[in-house]
Protein chains: 2
Amino acid sequence: MSVLSIQEVSQKYAIKTDTIRYYERIGLMPPVPRKANGNRYFDEALQGWLEMLVCLRRSGISIEALHDYTEMVQAGDKTLMARQNLLEAQRTLLLEKQADLERSLKRLDHKISLYKSGEIRANKSYFEEYKIPETIQLENERKRQFKEKGSL
Amino acid sequence: MSVLSIQEVSQKYAIKTDTIRYYERIGLMPPVPRKANGNRYFDEALQGWLEMLVCLRRSGISIEALHDYTEMVQAGDKTLMARQNLLEAQRTLLLEKQADLERSLKRLDHKISLYKSGEIRANKSYFEEYKIPETIQLENERKRQFKEKGSL
DNA sequence: GCTTGACTTGGAGTGCACTTCAACCAATAT
DNA sequence: ATATTGGTTGAAGTGCACTCCAAGTCAAGC
């Protein structure tokens, strides 16, 4: 339970081994410790780190932000303030995502209710039952037509 | 107000003209009507459609889903049920995203509170202040060592 | 001793969603 | 008349985040 292979953490956190190695390679984790034969092992601290990564990535926090954070953690206490700022910026991004999601859910729910009530068939404009309009004349073409009429 | 150029809708909905043309090309919109010179114009119905696209894309609904929906709308009333199903499936996806977001926000808020309280310096395990462990021995290597000791 | 299976590496390939490009045309401003 | 502005096209390029691959090592089971 306390020390796991790459395979085991992979299953525990539903993330591919390739992705874990990729994350290490690009610096989303501190260097992962190895056994004598070179195989990675994940102690509880690293498992926690990985779980956090998976959680934050799932919600759309960028690789770049996580990379920067990781670097700063490794750089030590002098980056404490910058780390806090980074986390707060990411928090703001998530709150925006949350608002977007809320808006979309409202729209989707409304739309679904129209389907359920059968109203969608009658609802010709807006998003449903779009009718392709004819080609229209240009402003100046219309002007030209008037001119021609006037000059006739 | 009622009929806009590609530039104008682009500004109205904060989406690049290139993206609008791309959306049309791949079938995320019904064919956009043209003026006599070939330029696109967007009536209110199409503007509404575009607004919906932007909203749903922002929340992460896939191009593919929107494509399928668009095709079905153009195919007519026989697809009403399938459309409703598609929308409900997308709704489920958004709810999942919402849950992920909630989880991440909780974690982020917790972490930020640790930074604010100054606790993060002391919080050695878990995600912060990760210390690289030493290389550890393999199970069988340890066994072999015991064997060697035993055979001495 | 040989095969199986989990691991290692660096590098190439994939999928999605744009984004940019080059070459062109049409209308307006000087 | 010419330059500028704003549109058109199809094709190629970009950026992100993986994902796969080939070639190899290592330890265990038969």
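In what follows, every chain begins at residue 1, and chains take the letters A, B, ... in the order their sequences are listed.
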Q: Can you sort out the partners of B/Thr79 under side chain to side chain donor-acceptor pair (under 3.5 Å), two or more places apart, ordered by chain and number?
A: B/Arg83

What protein N or O atoms touch nucleotides 4-7 of chain D N or O atoms at under 3.5 angstrom, if any, and at what distances?
{"from": "D/dG7", "atom 1": "OP1", "to": "B/Ser5", "atom 2": "OG", "distance (Å)": "3.4"}
{"from": "D/dG7", "atom 1": "OP2", "to": "B/Gln7", "atom 2": "NE2", "distance (Å)": "2.3"}

Q.
Nearest 0.5 angstrom please: B/Leu56 CG to A/Ser104 OG, how far?
A. 5.0 Å

Q. Given atom NZ of A/Lys35 and atom C1' of D/dT25, what is their separation to the nearest angstrom?
A. 16 Å

Q) If you round to the nearest 0.5 Å, how far is CD of B/Glu24 from CG of B/Leu53? A) 11.5 Å

Q: Only counting residues at least two apart or in another chain, list the ones meeting side chain to side chain contact (heavy atoms under 4.5 Å, CB included) with A/Ala82.
A: A/Met72

Got a list of protein N/O to nucleotides 19-25 of chain C N/O distances below 3.5 Å?
none

Q: Provide, to the nearest angstrom, the distance between the CG atom belonging to A/Asn37 and the P atom belonging to C/dC7.
A: 10 Å

Q) With sequence neighbours left out, what residues match B/Val9 under side chain to side chain contact (heavy atoms under 4.5 Å, CB included)? A) B/Leu4, B/Tyr13, B/Ile20, B/Phe42, B/Gln47, B/Leu50

Q) Mind checking what makes side chain to side chain donor-acceptor pair (under 3.5 Å) contact with B/Glu88, not counting sequence neighbours? A) B/Gln84

Q: May I ask you to verify if any side-chain N or O of A/Tyr41 is less than 4.0 angstrom from the OP1 or OP2 atom of C/dC7?
A: no

Q) Can you name the residues that form a side chain to side chain donor-acceptor pair (under 3.5 Å) with B/Ser5, not counting sequence neighbours? A) B/Glu8

Q. Given atom CD1 of A/Ile20 and atom C1' of D/dA17, what is their separation to the nearest angstrom?
A. 15 Å

Q: Could you tell me which residues satisfy side chain to side chain contact (heavy atoms under 4.5 Å, CB included) with B/Arg103, sequence neighbours excluded, listed by chain and number?
A: A/Cys55, B/Ala99, B/Asp100

Q) Between C/dG10 atom P and A/Glu24 atom CD, what is the distance in whole Å? A) 10 Å

Q. Within this structure, what is the CG-to-P distance between A/Leu66 and D/dC16, rounded to whole angstrom?
A. 14 Å

**Q.** side chain to side chain donor-acceptor pair (under 3.5 Å) involving B/Arg57 - partner list, sequence neighbours excluded
**A.** none

Q: In whole angstrom, give the distance that lies between atom CZ of A/Arg57 and atom C1' of D/dA17.
A: 7 Å

**Q.** Residues in side chain to side chain contact (heavy atoms under 4.5 Å, CB included) contact with B/Ser62, at least two apart in sequence or another chain
**A.** B/Glu64, B/Ala65

Q) Angle, rounded to 10°, between the helical axes spanning five pairs at each terminus of the helix from C/dG1-D/dC30 to C/dT30-D/dA1? A) 20°

Q: In whole angstrom, give the distance that lies between atom CD1 of B/Ile61 and atom C1' of C/dC16.
A: 16 Å

Q) From the list D/dA17, D/dT8, C/dA17, which nucleotide is the closest neighbour of the side chain of B/Arg34? A) D/dT8

Q.
According to salt bridge (charged side-chain N to carboxylate O under 4.0 Å, His left out), who are the partners of B/Asp68, at least two apart in sequence or on a separate chain?
A. none

